[in-house]
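So you know, we letter chains A, B, ... as the sequences are listed, proteins then strands, and number each from 1.
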Protein chains: 2
Amino acid sequence: MAAETLTAVRSIVRQSQDIVATRTYRPPCDVCVECDVRKQAVCAALDDSELGALQAIMTSTKLETHRTLVDQGQPRNRVYTLTSGMLRLYTMLPDGRRQITAFLLPGDYLGLGDEDVHDQTAEAVVDCSLCGFTVGEMEKLMDRYPRLRQRLHQMTRIALRQARDSQMILGRLAPVEKVASFLLVLSARAAEHGGALNPVHLPMTRTDIADYLGLTIETVSRSFTKLRVQGLIRLPDAHQVDIVDRRALTAVAGIEAR
Amino acid sequence: MAAETLTAVRSIVRQSQDIVATRTYRPPCDVCVECDVRKQAVCAALDDSELGALQAIMTSTKLETHRTLVDQGQPRNRVYTLTSGMLRLYTMLPDGRRQITAFLLPGDYLGLGDEDVHDQTAEAVVDCSLCGFTVGEMEKLMDRYPRLRQRLHQMTRIALRQARDSQMILGRLAPVEKVASFLLVLSARAAEHGGALNPVHLPMTRTDIADYLGLTIETVSRSFTKLRVQGLIRLPDAHQVDIVDRRALTAVAGIEAR
DNA sequence: CGTATGATTGATTAGAATCAAGCTCTGTGG
DNA sequence: CCACAGAGCTTGATTCTAATCAATCATACG
C-alpha cells in the first residue's frame, strides 16, 4: 500500500493551504434577514425580531476552494453555518487513508461535535461563505432562546440520520448501488435546500466521492459508466449528472421504498 | 445472491417474535434514585429532587432475547432508556441485507430519530430492561427542565460521533482492522458504562458483528482467528475476548493515536 | 443421544483494488 | 493561435482478497 506517499503528498498540500485559510469581516446591518439560508439554517428557529441577537455575535467568513476551515485535533473555538458553497468533512488515519463522513450544503451547521477539539477536518470543496460564532456566545444565546437549542438538536438528529444512512451505504451496498444512492441523496438534498431535483451538480472530485463511499476512484468511475451505459443517467461532463430514469436508479440503489 | 432466502427466513423468525414482544408494568416508588444507570442515562441531567417528575411518566419494560422493541416503519410513540442488557439497532434493505448501525448499552437512549416513524429496528441481543416514555410527555418534561433537553442533545452528539467513527471503520478499514477496532471500542464503552476494560464480553452473534462491520460471518471468524494466532487476544469462548496486547491491537486497528 | 444452531476452517470464485495506459479539458507560454 | 503540460477522469489488464460454497466442529437443547 502506498499510504506513506499519500500522507506525504497531502501534508505538502496542507502546508501551502494553511497560510491564509480564511478572510473574516463584520457583516453589514441586515444581512441575516435576507440571507439565502434564513429558512434552512439554525437561525430558522428565531423570528426576524430576534435575529439581531444572532447577528450581533456573528462574523462572516469567506473560504476559498480547497482551504481548510478547521482541522482534526484543533481546539473547537467556533462553530459555523455554511451560507454558500460546499464543505467536505473528513477523518484521516495516521497512514493517510481518508473517510469523508459528510458533504455540507448551504444551511448546514458545522460544529455538532461534543468535545473541546474538532474530531474532523472541514475543507472547502468550492468557494464558501460562512457565518461564524464563538462556542461560548452561541451557548449563551441558546440559553436565552431555547428554540435555538431545540433547532440545533433537531439538526444534530438529522445529521445522525444521514450518518446512519451512510453506514448502510458503506457496509452493505455494492459499488454501483453506492454511486446510485449517492446521486439520489444528493439530488434530494439539493431539492430540500431549494435547488432543482434533476441535473445533479457534483462539485467534488472522483477522489472525494471515492473517499465518501469507501471505494477507489477507478471503481467510482466505472460505476458512473455502468449507469450511463444502462441509460439511467447522462454525463454531460464529469461534474454534471442528468438523471434520466429515476425509478430505475432507485431500484439499482437498492433502497426501493423511501 | 441468496437474499430472498434470507428475507424469508427472517420474516418467519419475526412472526414468532412479535406475538408477545414486551411486558410492561408501573415501577415501584423509588426505582429511579437507585437505578444502575442513574449517572449515565438522560436522567443524569436531573437531581434527585427532580427525578420524581421523570419517574411519574415512566413505565418499566422487560424485553426477552431476540424480541423486537420497535420496528423500522412503526409510528414513533415512545422513547426508551436501556437499563440493562443490549440492543441492536439496524436498518434492513428490501432484499434482506441488514446493516446494524449501533449496539446500545445500559444508559443509552433509544429514539434519537427525528421523524414520526422509527427509521430503524431495535431488537434485544440479550434480555433487556428499559424505561419507556411517551414522546409527548418526554417533550413536556424537556420544556420544564431545559437541562434534560440539553442532556439529550449531548447524547445525540455522542451518537453522531459514534456513527461517524463507524463510517470510517466501514469505509476504510480492512477486515482484521475492523474487528480490532470493534473490540477496542466495545472495551472502552464497557469501561465508560462502569464495567471492566479487559475481558470484553460479546453477547452478540458473529452474524451481528458481520452486519455491523460490513463483512460476512466467515471473514469475521477468520479475523478473530488471525488476532488470536498473533497472540493479541485470547478466545476462551466465542463470546469472551481477553485482550492480551492492547497496544498491538490498537496498532492493528489503524487508529494509533486517540 | 440425536438435532439444531452457531462458529470455525478449507476450497473456489467473483469482483474490487491495484497497476498501467490513455484520454479530456484547462490553462500557459511560445 | 497552437503546442504543451498537468490534473483529473476513464478504460484496460492483472492481482489479490473477501465473498461464496462446502464441510466440519462445538455447544446447547429437547
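- For A:Phe224, there are no ring-ring contact (aromatic ring centres under 6.0 Å, His included) partners two or more places apart in sequence or in a different chain.
- Here the side chains of A:Lys226 and A:Arg222 are not in contact, with every heavy-atom distance at 4.5 Å or above.
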Which donor-acceptor pairs under 3.5 Å do side chains of residues 190-201 of chain B form with protein atoms, sequence neighbours excluded?
| unit_1 | atom_1 | unit_2 | atom_2 | d |
| --- | --- | --- | --- | --- |
| B:His193 | ND1 | B:Pro106 | O | 2.6 |
| B:Asn198 | OD1 | B:Ile243 | N | 3.1 |
| B:Asn198 | ND2 | B:Asp242 | OD1 | 3.2 |
| B:Asn198 | ND2 | B:Ile243 | O | 3.4 |

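- Nucleotide C:dA17 holds its C1' atom 16 Å from the CG atom of A:Leu213, rounded to whole Å.
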Shorter than 3.5 Å, N or O on both sides, protein versus nucleotides 26-30 of chain D: list them out with atom names.
none

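- At least one donor-acceptor pair closer than 3.5 Å links the side chain of B:Arg76 to the backbone N or O of B:Gly111.
- Side-chain atoms of B:Gln167 and A:Thr101 form no donor-acceptor pair, as typed in the model, at a separation below 3.5 Å.
- Pairs passing the ring pair (Phe, Tyr, Trp, His ring centres under 6.0 Å) check and including a residue from residues 158-183 of chain B, sequence neighbours excluded, read B:Phe182-B:Tyr212.
- Following rounding to the nearest Å, B:Leu173 (CG) and C:dA16 (P) show an atom-to-atom distance of 19 Å.
- Protein atom CG of A:Leu215 is 15 Å distant from nucleotide atom P of C:dG15, rounded to whole Å.
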>> How would you summarise protein contacts on nucleotides 5-11 of chain D per nucleotide, using B for base, S for sugar-phosphate only and - for none, with heavy-atom distances below 4.0 Å?
In response: ----SBB
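- In this structure, A:Arg97 places its CZ atom 13 Å from P of C:dA17, rounding to the nearest Å.
- The distance between atom NZ of B:Lys226 and atom P of C:dT8, rounded to the nearest whole Å, is 14 Å.
- In this structure, B:Gln99 contributes its side chain and B:Asp211 its backbone to a donor-acceptor pair below 3.5 Å.
- Regarding A:Asp211, its CG atom lies at a distance of 11 Å from the P atom of C:dA17, rounded to whole Å.
- If you measure from atom NZ of A:Lys178 to atom P of C:dG15, you get 15 Å, rounded to the nearest angstrom.
- Not counting sequence neighbours, A:Tyr80 has no partner by the ring-ring contact (aromatic ring centres under 6.0 Å, His included) test.
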